[in-house]
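These figures come from a predicted structure and were not determined experimentally. Throughout, residue positions are numbered sequentially from 1 according to the sequence presented.
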Amino acid sequence: MYQGKIIEYIDRGDFNIALCIQDEVTRLHLLTPTNREVNLPPKRALLVSSAAVNTQAPRAELLQKLKKTEETRTALKEKVDVKELWELVREEEESFDHTYLAQLCFGDQVTDDHISALVRALFEDKILFKMKENRFFPHPEDKVEQILRQMEEEALKEKKLSEGSAWLKSAMDGLQVEAPVCREEIVQSLVDLALYEDEAPGGKFGKELLQRAGGYNPSEARQILVKLGIWDEDENLDLIRFDIPTAFSEEALQEAEALRGTRVGTEHREDLRDLDVFTVDGPLTRDFDDALSCDVEGDALKIGIHIADVASVVMPESRLDEEASERGSSVYLPCLQIPMLPPVLSEEVLSLKEGLDRPAISLVVTLDRQGNLLDDRFVPSLVRVKRRYTYDEVNARYLQEPPFEPMLQVSRALREKRVESGALLLTLPELAIGFSEDGSISVARVDQDTPSRTLVAEFMILYNLLAGRFAREHKIPVLFRSQEGPNERLSAEGLDYVYYVFKQRRKLTPLTIDTEAKAHSGLGVDVYTQASSPIRRYFDLLVQRQLRGYLVDGTPCYTQEALENKRMALETTLRSVERMNRNRTRYWLYKYLLQHEGEKFPAMVLDVMRNRCRILLSDLLLMTEMKKENGQDFSEGQRILVKIKKSDPWQDVLKLEYAGNQ
């Protein structure tokens with residue numbers, strides 16, 4: 001049936017011609033123009049000539065016949081006007097066989113060569129006709145337009161892949177080559193891979209780009225971006241991943257600059273500039289949002305807790321307010337600070353700086369030496385800080401320089417009352433991460449349980465406690481903070497303090513923020529809000545607006561429903577900021593450990609599992625895990641030494657091995 005006939009078939013997307021030199025029913029033995037012999041199932045024969053060739057003729061003659069036929073059909077193909085043919089038949093909603101279409105192109109008398117030329121032309125076009133079961137269907141016009149768009153997109157994509165991969169390869173080889181027009185798209189695809197790897201939007205394009213550039217893996221996208229100078233070696237990916245803004249809009253900056261010359265009058269304010277107001281902060285602090293004052297009156301202390309009146313300057317729904325709400329809070333990281341408000345406000349206009357008149361919302365409270373509350377009132381005020389102290393200065397002088405000693409006595413009494421009411425004191429040192437010019441990293445623990453920090457912390461807690469009671473008493477909608485009692489109260493007796501803190505913290509119930517006034521078990525108070533840091537925290541600013549509105553004209557700024565809406569809108573942002581803070585601290589600690597690979601560090605076992613244990617690197621307060629090897633057996637609370645086998649801050653990998661007991 002097929003022997004001696006010229007067969008045409010499609011293989012790997014190409015049109016092929018061959019002569020059937022043997023028909024074995026289930027397969028055709030073919031001779032190709034290149035003098036190769038191949039086998040083909042009969043069902044794959046697309047076109048079969050009507051005339052047969054003598055297969056017994058010399059091989060050279062057969063090959064010449066194939067070559068001449070190929071040339072003839074190729075030449076005829078060029079005469080087929082596929083678009084004109086499509087125009088003739090596109091309105092007819094039916095399929096056509098190749099003979100009929102060949103007759104439309106060449107006339108009624110068509111040969112095998114004409115039919116082949118027609119089929120070849122339509123096969124190569126792939127736009128105007130669809131071939132199915134040896135029949136051709138003309139595409140409707142909208143389908144043709146869609147195919148053309150897809151082809152244009154694919155051609156553009158190929159151009160981008162070709163130019164982009166060449167650029168990346170040159171850059172990785174250290175060559176200076178001009179970036180392609182599609183540079184931004186190439187960079188964005190690398191950024192997406194570095195941030196999300198397999199889940200990156202458009203990840204297929206980025207992966208193909210890296211493959212062509214030199215067989216790079218998606219995990220190497222970060223190194224390539226560093227090599228290109230797009231990122232620095234310690235790029236904070238969470239800023240990008242969580243879309244945390246690092247700069248203010250021009251409109252916000254203009255609003256802030258316009259407020260630089262704001263004059264603060266005494267209208268609706270109590271003039272407290274005669275008080276000896278002072279601040280206590282770290283040596284590098286630039287935004288002072290709280291200050292204290294104290295007058296000793298016999299056995300009682302008249303304490304002033306003064307909080308910068310941000311609400312009187314940053315108006316609701318202003319551009320400044322919108323951008324502050326987008327941030328949610330100021331961010332303080334090693335090597336990076338992102339203020340919630342532009343520095344002209346946070347560090348100048350609103351900051352309680354030494355020697356300058358500033359608006360405040362002050363709590364003036366009278367306490368006896370045992371911390372009993374005798375009197376309290378909130379008041380919009382005008383204050384002037386007389387002296388700036390650092391925590392270390394207060395620690396060194398509190399016994400000699402009034403009024404620190406009586407204030408510390410009262411603050412300790414306040415703390416004791418909270419403990420008696422169920423408060424859990426779970427304070428741990430803070431970590432101070434430092435950097436030297438040679439690139440080395442240092443880590444120091446900053447004790448939080450010092451006289452100066454206790455003094456400031458207790459009076460800020462008192463301010464927020466009494467603000468919560470004031471709001472509850474006067475039915476002012478605010479965002480209260482509450483916490484139910486822990487699932488279990490552990491005894492600290494006989495335990496290492498740090499071990500106790502980590503274990504007890506895991507027994508705590510989640511903190512709740514809403515408009516319902518409830519107890520805060522962790523602090524040991526009956527009600528609590530936060531209004532003591534409105535320069536740095538947007539929730540504090542919202543609460544301050546509520547209190548100030550009531551104090552000035554009896555009208556809070558927001559309804560309860562409006563506050564709830566703002567809370568829900570902001571919670572995701574604040575979780576992202578909190579997660580970034582944790583991730584970034586861990587990154588720098590891992591980088592510090594990278595510089596100490598092979599060294600031993602003290603650690604404490606927190607939990608023991610079947611094949612691993614959870615440990616705490618004591619000096620760094622870093623919780624991580626370690627595999628148990630060689631039948632090792634540990635106990636909770638055990639002090640051990642661990643060796644740093646590998647630390648990779650970018651991949652968030654830390655591998656440790658047991659190195660003995662302490």
Side-chain angles (χ1 to χ4, degrees), residues 259-281 285-295 301-315 320 324 330 339-341 344-366 375-389 403 407 455-468 470-471 476 478 529-553 556-557:
L259 295 169
R260 184 187 288 275
T262 301
R263 294 182 61 84
V264 183
T266 55
E267 184 180 4
H268 302 303
R269 294 189 181 279
E270 188 169 330
D271 191 344
L272 301 180
R273 287 176 292 180
D274 60 328
L275 296 178
D276 289 327
V277 178
F278 59 90
T279 60
V280 183
D281 286 278
T285 300
R286 298 194 298 264
D287 48 357
F288 302 93
D289 52 11
D290 61 81
L292 298 168
S293 61
C294 177
D295 286 330
L301 275 67
K302 189 174 184 179
I303 305 289
I305 308 170
H306 314 282
I307 306 299
D309 189 357
V310 179
S312 66
V313 177
V314 178
M315 295 294 104
L320 281 170
S330 296
M340 186 179 77
L341 295 167
V344 67
L345 295 181
S346 59
E347 298 176 16
E348 298 294 337
V349 174
L350 296 170
S351 188
L352 303 183
K353 297 178 69 176
E354 186 177 355
L356 298 174
D357 293 350
R358 289 291 185 261
I361 301 296
S362 296
L363 168 63
V364 182
V365 59
T366 304
D375 183 53
D376 68 280
R377 61 190 179 93
F378 284 94
V379 58
S381 63
L382 185 65
V383 300
R384 180 184 297 164
V385 173
K386 303 292 177 52
R387 179 70 187 272
R388 172 189 174 182
Y389 293 96
M407 291 183 75
L455 185 151
V456 173
E458 286 303 322
F459 286 122
M460 293 306 117
I461 291 173
L462 180 63
Y463 186 98
N464 293 324
L465 164 63
L466 295 181
F470 184 82
I476 305 169
V478 299
T529 187
Q530 275 193 342
S532 56
S533 195
I535 289 178
R536 305 175 187 179
R537 296 191 295 250
Y538 192 72
F539 275 168
D540 291 42
L541 174 55
L542 292 178
V543 175
Q544 188 184 74
R545 282 178 177 155
Q546 296 297 86
L547 297 177
R548 184 180 186 280
Y550 184 87
L551 292 170
V552 172
D553 58 18
C557 182

If I compare all heavy atoms of H306 with all of S293, which pair ends up nearest, and what's the gap?
NE2-OG, 2.9 Å
With rounding to the nearest 0.5 angstrom, report the CG to CZ distance, D290 to F459.
12.5 Å
Mind checking the CG-CG spacing from D376 to L466? Nearest 0.5 Å is all I need.
5.0 Å
Sequence neighbours excluded, the answer for side chain to side chain donor-acceptor pair (under 3.5 Å) partners of S533 is D289
L259 and L345: CA distance, side-chain angles, deciding distance, side-chain contact (heavy atoms from CB on, under 4.5 Å) verdict:
CA-CA 8 Å; L259 295 169; L345 295 181; 4.0 Å; yes
Would you name the heavy atoms of I303 and C294 that are closest together and state the gap between them?
CD1-SG, 3.6 Å
So which atom in K386 and which in R273 form the shortest heavy-atom distance, rounded to 0.1 Å?
NZ-O, 3.1 Å
Return the minimal non-hydrogen interatomic distance between A531 and N464, and the atom names on each side.
N-OD1, 2.9 Å
Measure the spacing between OG1 of T529 and OH of Y463 and express it to the nearest 0.5 Å.
10.5 Å
Which heavy atom of V310 sits nearest to which heavy atom of Q544, and what is that distance?
N-OE1, 3.0 Å
For E348, which residues count as a side chain to side chain donor-acceptor pair (under 3.5 Å) partner, sequence neighbours excluded?
K353
Residues in side-chain contact (heavy atoms from CB on, under 4.5 Å) contact with E458, at least two apart in sequence or another chain
S411, L414, R415, R418, T454, I461
Under the rule for side chain to side chain donor-acceptor pair (under 3.5 Å), what residues qualify as partners of R260, not counting sequence neighbours?
E257
Assess whether side-chain contact (heavy atoms from CB on, under 4.5 Å) is satisfied between Q530 and F539, documenting all intermediate values.
CA-CA 7 Å; Q530 275 193 342; F539 275 168; over 6 Å; no
For F378 and Y550, run ring pair (Phe, Tyr, Trp, His ring centres under 6.0 Å): C-alpha distance rounded to whole Å, both residues' side-chain angles, the deciding distance at 0.1 Å, then the answer.
CA-CA 10 Å; F378 284 94; Y550 184 87; over 10 Å; no
Only residue of V277, T279, I305 satisfying side-chain contact (heavy atoms from CB on, under 4.5 Å) with L292 is I305
Taking the side chain from R548 and the backbone from V543, do they hold a donor-acceptor pair closer than 3.5 Å?
no
Looking only at heavy atoms, what is the nearest atom pair of Q546 and C557, with distance?
OE1-N, 3.0 Å
Could you list the residues that satisfy side-chain contact (heavy atoms from CB on, under 4.5 Å) with P380, not counting sequence neighbours?
R269, I361, L551, V552
Only counting residues at least two apart or in another chain, list the ones meeting side chain to side chain donor-acceptor pair (under 3.5 Å) with D540.
R537
Before accepting this row, confirm whether a basic side-chain N of the pair R286/E347 lies closer than 4.0 Å to the acidic partner's carboxylate O.
yes
Quick one: does any side-chain atom of S351 pair with a main-chain N or O of D287 as donor and acceptor, under 3.5 Å?
no
Pairwise distance CD1(I535) to OG(S330) - rounded to 0.5 angstrom
8.5 Å
What is the distance from atom CZ of R545 to atom CD1 of I476, rounded to the nearest 0.5 Å?
15.5 Å
One should read off an interatomic distance between L547 CG and I307 CD1, to the nearest 0.5 angstrom, of 11.0 Å
